[in-house]
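Just so we're clear, the structure is a prediction, and the values are computed from it rather than from any experiment. Numbered from 1 within each chain, the chains take letters A, B, ... in sequence-line order.
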Number of protein chains: 2
Amino acid sequence: MVHFFVCHGRDEIPRWRMAFPESSWVGPTQAMEQVGRGDMAWVMSNLDGWETLVRDLADRGAILVVLSYTPDPAQASLALIAGARGYAHALSPATLLRQVALVTTNQGIWVLPELLTSVVGGTFKALGGRARMQGDVLGALTERERTVAVAVAEGRTNKEVARELDITERTVKAHLGAIFRKLGIRDRMQLVLRLSQQEVDIADPSH
Amino acid sequence: MVHFFVCHGRDEIPRWRMAFPESSWVGPTQAMEQVGRGDMAWVMSNLDGWETLVRDLADRGAILVVLSYTPDPAQASLALIAGARGYAHALSPATLLRQVALVTTNQGIWVLPELLTSVVGGTFKALGGRARMQGDVLGALTERERTVAVAVAEGRTNKEVARELDITERTVKAHLGAIFRKLGIRDRMQLVLRLSQQEVDIADPSH
DNA sequence: AATGTTTCTGTCCATCGGTCCAATATCAAT
DNA sequence: ATTGATATTGGACCGATGGACAGAAACATT
């Protein structure tokens, strides 16, 4: 595996060389030419169009890590979305860089521990809209109601759920009624959206 | 470092033993007593209160990986939020388990590659982007059908969609009929599930 | 014993949702 | 000019859904 550090010409950082003595220093253009499947590319986030570069290189099977002088959660997310498997500080010590390489070459994801909460939290909010969904959303329900809620949210009809739980369809409806009331939603659609963690805009009689 | 597999008493899976011959099998209660800083704990997601368990063990400095028989993106997010560093299929082969251990002990995060897109995709939406993986699904539809499909998948009723697009409810139904036929689904529920990427390809039993 | 929660069941009814049978108008391509 | 795809609407039919009543049985708490 070949390591490529993609950066501006003058951005040579000794510890990079220290971490991977055999690595190549290239600009964005050369990176597009030389990086191939299985190679590892470390891309500086101060490059114009780094996201596109990351995406392209990731598409062709390279392992991407984005390095930043000013790491922040939003940029970390962008990097991961673009296909990067890692996001670290550009001035990380050599040992850390080697650790990142180890993790990413083994299908792992590596982001700065300090940013981890934010990144995952972002995902969390994206998936749930409000804080701590399933726990709280389903938490308000009884055991049986939870079971019904999940079954319905997986796309089953009342009749199917009834058969599955060995109760009458009427009872399923009763549970659903309670679920809708407790969650403040109007129908099973809203339930699916809640549980599949999408943002829902409920009840707007205005339009 | 000691490996703990936290599961129901009878859930013994040979390949776990194969991956880490020295590991201990424990229930949730014993886990709380025995797992300490630097230890590695593999927690089954079919345990009641696994989230709390993961949170507690992670808080005391253990490395947590959640194993599930039915992996899905939402659960993966929950696991990571709870403090887990890994999320994998319970029937993963020994070599994969060792890889996961390697990654997570090096501050990395490991989630099923199939789920990665969904998890990161969620982040993407959190940042205000528009999901466009749906393009594949919606690609078979006409422009108008796409509009209707998205509106319905956002939880609106036929009547609401009709008002919104300034057409009759009858026309909405016509479009929906075409949508169901083209996508090979039976009702709007399946449409939501399709567009929110709910159904997850469970790993085949071979690995 | 009284109370409250949970689970389960019933009937009635209005509405919604999905499919069958159509038909008409527009537009692009042949 | 004919064909094909698209968008639109109509009517009728029937199953699915959700709410509004209501009641019974099991169980835990007080």
Side-chain angles (χ1 to χ4, degrees), chain A residues 134-196 198 200-207, chain B residues 48-49 132 134-196 198-199:
Chain A
Q134 297 236 337
D136 283 340
V137 169
L138 295 181
L141 307 180
T142 67
E143 181 60 33
R144 202 55 163 170
E145 286 164 355
R146 256 191 299 275
T147 310
V148 173
V150 170
V152 167
E154 283 172 352
R156 282 188 265 286
T157 66
N158 289 344
K159 193 167 298 187
E160 287 170 338
V161 176
R163 265 197 299 271
E164 198 168 308
L165 301 184
D166 197 33
I167 54 181
T168 66
E169 186 178 351
R170 181 61 194 87
T171 308
V172 175
K173 288 184 180 181
H175 287 311
L176 268 179
I179 292 167
F180 295 154
R181 184 174 41 77
K182 289 182 179 177
L183 300 186
I185 56 182
R186 66 178 181 200
D187 57 28
R188 60 210 299 114
M189 276 294 141
Q190 307 294 324
L191 181 59
V192 189
L193 294 175
R194 271 292 176 98
L195 294 192
S196 60
Q198 298 252 337
V200 185
D201 41 73
I202 324 176
D204 187 342
S206 64
H207 77 235
Chain B
D48 288 336
R132 40 90 203 61
Q134 305 173 351
D136 302 319
V137 178
L138 299 179
L141 307 180
T142 68
E143 180 62 31
R144 203 54 162 169
E145 287 162 356
R146 256 191 300 273
T147 311
V148 173
V150 170
V152 166
E154 282 173 351
R156 283 187 261 287
T157 65
N158 289 344
K159 194 169 295 187
E160 286 171 338
V161 176
R163 267 198 297 271
E164 199 170 307
L165 301 184
D166 199 31
I167 53 181
T168 65
E169 186 178 351
R170 183 61 194 81
T171 309
V172 176
K173 286 186 177 183
H175 287 311
L176 269 178
I179 292 167
F180 296 155
R181 183 173 41 77
K182 289 182 180 178
L183 300 185
I185 55 183
R186 69 177 181 197
D187 57 27
R188 60 214 292 119
M189 280 293 149
Q190 307 296 323
L191 182 59
V192 196
L193 294 176
R194 190 67 81 86
L195 291 191
S196 57
Q198 268 298 287
E199 59 265 286

J.: At what distance, to the nearest 0.5 angstrom, does CG of A/Leu141 lie from CD1 of A/Ile179?
T.: 5.5 Å

J.: Tell me whether A/Arg156 contacts the main-chain N or O of A/Ala162 through its side chain, where contact means a donor paired with an acceptor under 3.5 Å.
T.: no

J.: In whole Å, what is the span from the CE atom of A/Met189 to the P atom of D/dT17?
T.: 10 Å

J.: For a quick test of reading the model: is some side-chain N or O of B/Thr157 closer than 4.0 Å to OP1 or OP2 of C/dC16?
T.: no

J.: Whether B/Thr142 contacts D/dA7 is assessed here as follows: a side-chain N or O lying under 4.0 Å from the phosphate OP1 or OP2. Is that the case?
T.: yes

J.: Counting side-chain heavy atoms from C-beta on, which of C/dT9, C/dG17, D/dT9 comes nearest to B/Thr171?
T.: D/dT9

J.: Would you please confirm or rule out a distance under 4.0 Å between OP1 or OP2 of D/dG19 and any side-chain N or O of A/Lys173?
T.: no

J.: When the distance from CD1 of B/Ile167 to C1' of C/dA25 is rounded to whole Å, what number comes out?
T.: 15 Å

J.: Please check if the side chain of B/Arg194 supplies one atom and the backbone of B/Leu183 the other of a donor-acceptor pair under 3.5 Å.
T.: yes

J.: Using whole Å, what does the distance between atom C1' of nucleotide D/dG19 and atom CD1 of A/Ile179 come to?
T.: 15 Å

J.: On the nucleotide C/dG10, are OP1 or OP2 found under 4.0 Å from the side-chain N or O atoms that A/Thr168 carries?
T.: yes

J.: Taking 4.0 angstrom as the limit, do B/Arg163 and B/Glu160 come out as a salt bridge?
T.: no

J.: How long is the span from the CZ atom in B/Arg188 to the CZ atom in A/Arg188, to the nearest 0.5 Å?
T.: 11.0 Å

J.: Whole Å only: how far is the CZ atom of B/Arg144 from the C1' atom of C/dC27?
T.: 16 Å

J.: What's the closest nucleotide to the B/Glu169 side chain, out of D/dT17, C/dG17, D/dG19?
T.: C/dG17

J.: Hey, does the side chain of A/Arg186 come within less than 4.0 Å of D/dG18's phosphate (OP1/OP2), counting only N and O?
T.: no

J.: Closest-nucleotide mapping onto DNA chain C: is A/Glu143 or B/Arg188 further toward the 5' terminus? I mean the 5' end.
T.: A/Glu143

J.: Could you tell me whether the side chain of A/Arg170 has a donor or acceptor atom within less than 3.5 Å of a complementary atom in the base of C/dT11?
T.: yes

J.: In whole angstrom, what separates A/Glu160's CD from D/dA16's P?
T.: 10 Å

J.: Could you work out which one of D/dG18, C/dG18, C/dT9 sits closest to the side chain of B/Phe180?
T.: C/dG18

J.: Please tell me which of the listed nucleotides, D/dT17, C/dG17, C/dG10, lies nearest to the side chain of B/Asn158?
T.: C/dG17

J.: Would you say B/Asn158's side chain and B/Val161's backbone share a donor-acceptor pair under 3.5 angstrom?
T.: no

J.: What is the separation between atom CG on A/Asp187 and atom P on C/dG17, rounded to the nearest whole Å?
T.: 8 Å

J.: Out of D/dG18, C/dT7, D/dT9, which has the shortest distance to the side chain of A/His175?
T.: C/dT7

J.: Of A/Ala174 and A/Lys182, whose nearest nucleotide on DNA chain C comes first from the 5' end?
T.: A/Lys182

J.: Between C1' on C/dT6 and CZ on A/Arg146, what's the gap in Å once rounded to a whole number?
T.: 12 Å

J.: C/dG18, D/dA7, C/dT9: which one has an atom nearest the side-chain heavy atoms of B/Leu176?
T.: C/dG18

J.: Distance check needed: C/dG17 C1' versus B/Ile185 CD1, whole Å only.
T.: 14 Å

